[in-house]
Structures are given as structure tokens and as C-alpha cells.
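Below: the structure, in C-alpha cells.
Owing to the predicted nature of the structure, the values given are computational and were not obtained by experimental measurement. Within every chain, numbering begins at 1; the chains are lettered A, B, ... in the order of the sequence lines, protein sequences first and strands thereafter.
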Number of protein chains: 2
Amino acid sequence: MKNSQNLLKNSPLKVTPQRLEILQTIQKNGHISIDDLYAHIKEKFPSISLATVYKNIHTLKDEGILLEIHPQDAKSHFEIKKEPHGHFICKKCGKIYDFEIKTSCNPNLSEISEIDESEVYLYGVCKECQ
Amino acid sequence: MKNSQNLLKNSPLKVTPQRLEILQTIQKNGHISIDDLYAHIKEKFPSISLATVYKNIHTLKDEGILLEIHPQDAKSHFEIKKEPHGHFICKKCGKIYDFEIKTSCNPNLSEISEIDESEVYLYGVCKECQ
DNA sequence: AATGTCAAGGATAAAAATTATTATTTAATG
DNA sequence: CATTAAATAATAATTTTTATCCTTGACATT
Ligand SMILES: [Mn+2]
Ligand SMILES: [Mn+2]
Ligand SMILES: [Zn+2]
Ligand SMILES: [Zn+2]
């Protein structure tokens, strides 16, 4: 797991305590929504502005440091970008689980166009909730 | 292609001109955002309220008649629900294309939990935009 | 056809979510 | 340290979505 400091140092972005806290909180939680992120960060930075969180999330996303996840019935969640993988989303607790996608599973789409990116979501009820 | 009237008749929902127009517009366009939908419908129903469109879209989705599509960098689009399939989304023009997903491509996830639903998105530039 | 009932529509307000603005502070650089 | 560009906080503004309330319309039953 890369440390937050380096993620920023390898980008044109400045290293600020707010950004470090944002990244560390995301790393600790895996997948997190803006609201939960904000709530967590407020504990350490009571004066941080929600707008700052929004701005940074988008800046970090633009830099390719974060990845946005779009659950069907919840607000976007964010994670530190790593190897491409799929997401299993529990319909009960909303928790998001990673899973590996076998490369052999790539649908043959050459007849449509070249593919840059992909997102795979599966929905169901996780073991904890069953 | 099922006609809009029957889609409604096979549900507890009442058949109204606004709903028919919403469904027909979606069928004509394949995948459409609320805003575009509203713009189209306004031509035939100048007095329709945006709230009515929102309300119906959600009602129809709850009835399983519509399906919501979540593109990375655009607002949700909606389509008439049919066989499960994947979506290729053009990063340039935003157009959404359907594609077939081979059943052999299902990732083995029995170790995580049972799967109810899935969403697959691919991103790139479509042929028209190349 | 006329009537009754309940769902649906329109208009609008309210709420929720996101983005823009601006003055102040801070990180990075030499 | 001083300089400069970028980031933050606070706030306002905008955008998006939902709730409310009253009216209208669909549709089943007479
Ligand atoms: Mn993940
Ligand atoms: Mn489709
Ligand atoms: Zn769960
Ligand atoms: Zn295109």
C-alpha cells in the first residue's frame, strides 16, 4: 500500500495536512462516500470545509489517485486507485467488496471500439448480512 | 419491442398520456437522461412538470419497467428494461451502446455471496467519434 | 352515462447536493 | 526568510432532487 505522502509527491499537487488526512481516511476505509469521509475528517480537522473535501476529491480523481464508484442506490464512493477490479455491493448494508476480474472474461468488443476503462458492479446480499 | 401501453397495463400503474409519452420517448432514444427526456416531452406536453418526470421515472424504475444507467461523468440515463446486457459509453459524445455479455464471463464469486444484479460499463471512444 | 375513489399531474416550495467566489493562509522554492 | 502560486475556510450561489398541496383524470362500479 503506497503511502499518502508519496501519492501526492508524485503529482503536481501540494502536500497539505487536509489532503493527507483525506487519503489516509480513504485508505483506512477502503471505499467511502463524501459524507462519511467528511464526518471522519472533521474529528481531526474540526474546521475543515465540506467544499474542500469536494474539491480535493475531484482534484485527486483528476490526477488519477482516486477512483469513483457508482452504486445503484447510494451516493458515489471513492477509493485509492489500484489494479482494475470489480465491486460487489451489498444491498442491505451498502458495504462494497473488491473482487478480481479474470482477464479471460473480457467481452469481445473489437467490433464496437477500443476500450479505455471498465466498471463492473455486482449486487446482492453479503455474507455478514445473510 | 413491447409497447408502452402494455408495459403499464401489466403493472399496478395507471395509463396516462404523460407516462406513455415518457416510455415512448425512452424507447425511441434507447438511453436518455432526465433532462433530455424532459426536453423531448415538453414538445408534446408543454405543460408537463419536471417533477412529474422525476416522479414517474422513479415509479417506473420501482416497477421494474425502467433501468437506470450510471455513466462515470454524466447524469443517470434510463432505458426500458430488457435482457441483461453491458453498456459501452463513449467518452466523447456520451452516447451509450448496448453489448451482449457472454454468460461464460461470470466471475466466480460464490465465495462472496449470491448475486442478484450486475452492471457492466466499458468506456472508450465510439467509431463515430474516431 | 354518472358517480366515487384513489392515483397522478402541475405548480411551487423545500431540501439536498454540488460548485463558485473571495479573502486569508500555507506549502514549496530558492 | 521572502516570494509566489496554490490551497483553505467561509460563505453564497447554483443545481439537482424531493415533498407538499391542491386539482385533475383514470378507471371500476353502478
Ligand atoms: Mn475497490
Ligand atoms: Mn442498454
Ligand atoms: Zn451486507
Ligand atoms: Zn462517440
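Between the C1' atom of C/dA8 and the CG atom of B/L8 lies a distance of 12 Å, rounded to the nearest Å. Spacing between atom CG of A/N56 and atom P of C/dT26 amounts to 16 Å, rounded to whole angstrom units. Distance CD (B/E63) to P (C/dA7): 13 Å, rounded to an integer number of Å. C/dA27 atom C1' lies 12 Å from atom CD of A/Q5, rounded to whole Å. Spacing between atom CD1 of B/I57 and atom C1' of C/dA8 amounts to 15 Å, rounded to whole angstrom units. When the C1' atom of C/dA7 is taken as reference, atom NZ of B/K55 falls 10 Å away, rounded to whole Å. A/R19 has its CZ atom 12 Å from the C1' atom of C/dT26, to the nearest Å. In this structure, B/L50 places its CG atom 14 Å from P of C/dT12, rounding to the nearest Å.
Listed by first then second residue, pairs satisfying salt bridge (Lys or Arg N to Asp or Glu O under 4.0 Å) with a partner in residues 58-76 of chain B read A/K61-B/D73, A/D73-B/K61, B/D35-B/K75, B/K61-B/E68, not counting sequence neighbours.
Here the side chain of A/K14 is nearest to one of C/dT18, C/dA28, C/dG9, namely C/dA28. If you check C/dA8, C/dG10, C/dA27 against the side chain of B/S47, the one that comes closest is C/dG10. Residue B/T52 places its side chain closer to C/dG10 than to any other of C/dG10, C/dA27, C/dA20.
Of the possible donor and acceptor atoms, none in the side chain of A/R19 sits under 3.5 Å from a partner among the backbone N and O of A/N56.
Sequence order on DNA chain D of the closest nucleotides to B/P17 and B/H58 puts B/H58 first from the 5' end. For B/V15 and B/A51, each mapped to the nucleotide of DNA chain D holding its nearest heavy atom, the one lying further toward the 5' end belongs to B/A51.
At the heavy-atom level, B/I48 lies under 4.0 Å from the strands shown only through sugar-phosphate atoms. As judged by a 4.0 angstrom heavy-atom cut-off over every strand, A/K75 is placed among residues touching the sugar-phosphate backbone only. At a threshold of 4.0 angstrom between heavy atoms, the contacts of B/L13 are confined to the sugar-phosphate backbone, with no base atom among them.
Taking the charged nitrogens against the carboxylate oxygens, A/E128 and A/K92 have no contact shorter than 4.0 Å, which rules out a salt bridge.
For the residue pair B/E79/B/H31, the side-chain donor-acceptor check at 3.5 Å is satisfied.
Of the candidates B/E119, B/K81, B/K82, B/H77, B/L67 forms a side-chain contact (heavy atoms from CB on, under 4.5 Å) with just one, namely B/K81.
Through chains of ILVMFWY side-chain contacts below 4.5 Å, A/Y54 is grouped with A/L7, A/L8, A/L13, A/V15, A/L20, A/I22, A/L23, A/I26, A/I32, A/I34, A/L37, A/Y38, A/I41, A/F45, A/I48, A/L50, A/V53, A/I57, A/L60, A/I65, A/L66, A/F78, A/I80.
Side-chain N/O atoms of A/Q18 include none lying less than 4.0 angstrom from OP1 or OP2 on C/dT26. B/S49 has no side-chain polar atom (N or O) that falls below the 4.0 Å cut-off from OP1 or OP2 of C/dA11.
Follow the hydrophobic side-chain contacts under 4.5 Å out from A/I101 and you reach A/F88 in the same cluster.
Protein chain B contacts DNA chain D over a range whose 5' and 3' limits, counting nucleotides with an atom under 4.0 angstrom from a non-hydrogen atom, are D/dT16 to D/dC27.
Closest non-hydrogen pair, B/S76 versus B/P71, comes out as CA-CD, 4.1 Å.
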